[in-house]
**Q** 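Please find one structure pasted underneath; my questions will follow.
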There are 2 protein chains.
Amino acid sequence: MAGIRDVAAYAGVGVGTVSRALNHTGYVSKEAREKIEEAVKVLNYHPNELARNLYRNRSGMIGVIVPDLENPFFAKFLKCTEIELYKNHYKAVVCNTVEISNRVEELIDMMNQNVLDGLIVGVDPPPGLNLEKIRKPIVSLDRNWGSCIPVVTSDNKKGGALVANALIEAGCRNVLMFESKIQTEQPFDVRAREVKRILKEHDVSFVGADIDWNMLSYEYYLKVVEKYLLIFDRVDAVYAGDLIASACIAIAARKGIRIPEELKVIGYDGLEISKLTVPTLTTVKQDIPQMAKCCVDTIIRILNREEDIPMMRVCDVELQQGGTI
Amino acid sequence: MAGIRDVAAYAGVGVGTVSRALNHTGYVSKEAREKIEEAVKVLNYHPNELARNLYRNRSGMIGVIVPDLENPFFAKFLKCTEIELYKNHYKAVVCNTVEISNRVEELIDMMNQNVLDGLIVGVDPPPGLNLEKIRKPIVSLDRNWGSCIPVVTSDNKKGGALVANALIEAGCRNVLMFESKIQTEQPFDVRAREVKRILKEHDVSFVGADIDWNMLSYEYYLKVVEKYLLIFDRVDAVYAGDLIASACIAIAARKGIRIPEELKVIGYDGLEISKLTVPTLTTVKQDIPQMAKCCVDTIIRILNREEDIPMMRVCDVELQQGGTI
DNA sequence: ATGAAAGCGCTAACAT
DNA sequence: ATGTTAGCGCTTTCAT
């Protein structure tokens with residue numbers, strides 16, 4: 001494995017000249033440059049990025065933590081994030097937290113060990129996290145990690161309002177809501193709060209459904225949706241994330257419940273699957289590419305030591321009209 | 001940022017002793033060890049992994065290349081691969097090839113630059129690839145990269161037979177197949193070939209559909225499926241990957257075509273979405289976790305310089321019974 | 001058992 | 001414009 005000294009020797013110059021030639025930094029004569037290029041080719045030389053990293057004290061790697069890649073929301077988020085990072089000459093190191101605990105702490109350690117230059121997190125912070133000791137940037141997707149961690153979120157208030165108003169305009173009186181319980185004070189809690197507020201204002205009653213948010217499988221969703229529809233037989237509408245909403249449409253079809261006549265459904269997220277249901281799912285679409293872009297943009301700006309980094313960036317949402325409401 | 005010399009100074013020992021203590025290599029007296037542990041805590045010392053990497057000439061990173069994470073097959077594959085890599089103390093650097101060309105070559109360069117210790121590839125090799133110059137392991141998922149690149153595949157022959165036999169037993173006479181054209185001699189071509197062979201044997205006629213495999217969106221699938229069902233109105237069955245098969249079920253529902261009475265559908269892959277269609281999709285399920293495990297296991301064994309690495313590992317498939325055939 | 005010292009392969013400051 | 005040299009922070013001989 002040829003090193004820079006081999007190249008220097010072969011080209012008959014010093015290592016400094018080689019380094020300058022390769023990095024396009026400082027002056028290098030035409031002859032020297034040509035001899036070096038020749039040597040590089042002959043010796044099949046590739047600069048050892050590890051040595052560069054050590055010197056520069058950066059790895060060019062950003063960790064991206066998501067709960068579960070099987071969830072299409074996070075798969076798409078990672079896809080978009082990876083592409084944005086690539087545009088900024090960074091690589092994405094991926095981490096699923098599902099099935100394994102303590103992974104977040106480990107990735108934070110990797111930052112301290114200089115293996116990662118930063119972290120984009122789509123998961124809750126680990127309990128008892130001490131942000132003091134972290135010297136590298138973290139950007140969060142829709143979670144509160146602390147006052148000094150920038151958050152990229154989508155317009156949950158508008159999203160909640162879109163949901164509530166759609167339900168009200170459709171004349172729903174009894175809504176079954178699959179929503180996370182408001183307890184951890186996360187940005188997306190705003191959404192459920194807004195939905196409930198507006199529904200109350202219009203005297204629409206609703207009931208929350210309690211599900212295990214760590215279970216990601218349609219079989220589980222189908223079971224849960226079926227159970228709840230049985231329990232609450234007066235329900236005339238369901239509001240849930242797209243995956244559960246889709247499960248709901250499937251259950252309705254199997255039970256002969258007509259949508260939207262007998263049961264209205266409104267989803268949230270605007271995932272691909274919303275196009276596939278029959279009828280297509282009316283849902284509030286989050287701009288995942290935009291959220292990914294904001295996350296990457298923010299972390300890059302911190303890495304570049306820019307000033308006035310916004311601590312909160314809110315991406316737009318829009319109603320994607322379907323046939324379920 | 002405290003370094004190993006700071007720890008050594010604080011503990012009143014040499015750097016060598018600190019290194020040995022931290023790595024549990026060589027002898028270190030109890031007293032020294034305790035003083036060092038104390039120093040590590042006080043100074044909040046984290047060993048710089050970059051320096052270690054340089055010395056050891058490894059990064060602990062494996063690149064995983066997939067066409068598109070929005071495809072649930074690859075999302076799940078990456079998820080499982082990441083978890084398996086983690087168990088082996090490696091990290092996964094992810095790369096979508098969609099939207100950007102030349103990414104494979106770049107990741108290969110990263111191997112030569114010691115940033116990646118190996119590559120797991122779920123994409124075709126770039127044209128004109130020269131394997132000679134690659135000195136680090138590559139393992140491929142279901143693609144031929146060359147005779148010296150191990151391949152992990154699933155039992156495409158059995159899978160094809162399961163499809164064909166299911167179609168025959170259901171009495172289909174005219175099958176519309178959404179399958180990749182056999183031209184690149186990839187392992188998964190065996191599947192289509194086997195389906196066709198058995199169908200011919202039983203005098204079942206079939207017609208292939210030509211679609212743009214780089215387009216991944218349900219809206220596109222829906223459009224294409226609709227077009228083909230119109231063109232071939234004598235078709236009584238469709239065979240396609242789960243995503244297209246699901247689109248097909250949606251189209252049928254919208255057009256009032258009863259499944260399975262008027263049109264039978266059989267999918268391939270066994271993705272989550274197969275549980276969600278109405279009726280549930282009959283499909284051939286690939287064992288994605290097992291394939292991921294084989295890929296990781298193989299690359300780890302090469303990295304560990306083990307002997308007798310199998311050049312081809314075939315994972316089992318099984319028929320997942322649904323209601324579409 | 002431990003400290004000193006020589007690298008790992010590169011970059012950049014410095015002297016020429 | 002270019003060669004020499006001192007690190008980047010660690011691991012590992014090699015004496016002691």
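Numbered from 1 within each chain, the chains take letters A, B, ... in sequence-line order. All heavy atoms count here, side chains included; hydrogens, waters and symmetry mates do not. As the structure is a prediction and not an experimental result, all values here were calculated from the model.
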**Q** Round to the nearest Å and state the distance from A:Tyr27 atom OH to D:dA1 atom P.
**A** 6 Å
**Q** Can you build the contact string for nucleotides 11-16 of chain D? Use B for base contact, S for sugar-phosphate-only contact, and - for no protein heavy atom under 4.0 Å.
**A** BBB---
**Q** Output every pair passing salt bridge (Lys or Arg N to Asp or Glu O under 4.0 Å) with a member in residues 34-52 of chain A, not counting sequence neighbours, ordered by first then second residue.
**A** A:Glu49-A:Arg52
**Q** Can you pull out every salt bridge (Lys or Arg N to Asp or Glu O under 4.0 Å) where at least one residue sits in residues 92-111 of chain B? Sequence neighbours excluded, please.
**A** A:Glu82-B:Arg103
**Q** So, do A:Trp145 and A:Pro126 sit near enough that their side-chain heavy atoms are less than 4.5 Å apart?
**A** yes
**Q** Would a 4.5 Å heavy-atom cut-off, applied to side chains only, mark A:Asn57 and B:Asn48 as touching?
**A** yes
**Q** Would you check if B:Tyr90 and B:Val296 make a side-chain contact, meaning some heavy-atom pair closer than 4.5 Å?
**A** no
**Q** How about B:Gln286 and B:Phe77: do any of their side-chain heavy atoms sit closer than 4.5 Å?
**A** no
**Q** Do A:Leu50 and B:Asn53 have side chains that get closer than 4.5 Å, going by heavy atoms?
**A** yes
**Q** Identify, residue by residue, the members of residues 28-44 of chain A with a heavy atom below 4.0 Å from DNA chain D, and return them in order of residue number, or none.
**A** A:Val28, A:Ser29, A:Ala32
**Q** Measure CD/B:Glu49 against P/D:dC10 and give the value in whole Å, please.
**A** 10 Å
**Q** With the side chain counted from C-beta on, respond yes when A:Ile62 and A:Thr81 share a heavy-atom pair under 4.5 Å apart, and no when they do not.
**A** no
**Q** Can you pull out every salt bridge (Lys or Arg N to Asp or Glu O under 4.0 Å) where at least one residue sits in residues 132-147 of chain B? Sequence neighbours excluded, please.
**A** B:Asp124-B:Arg143
**Q** Chain B on DNA chain C: first and last contacting nucleotide, 5' to 3', under 4.0 Å to a heavy atom?
**A** C:dA1 to C:dG9
**Q** I would like to know whether A:Val93 and A:Val115 meet side-chain contact (heavy atoms from CB on, under 4.5 Å); could you show each step before the answer?
**A** CA-CA 10 Å; A:Val93 176; A:Val115 178; over 6 Å; no
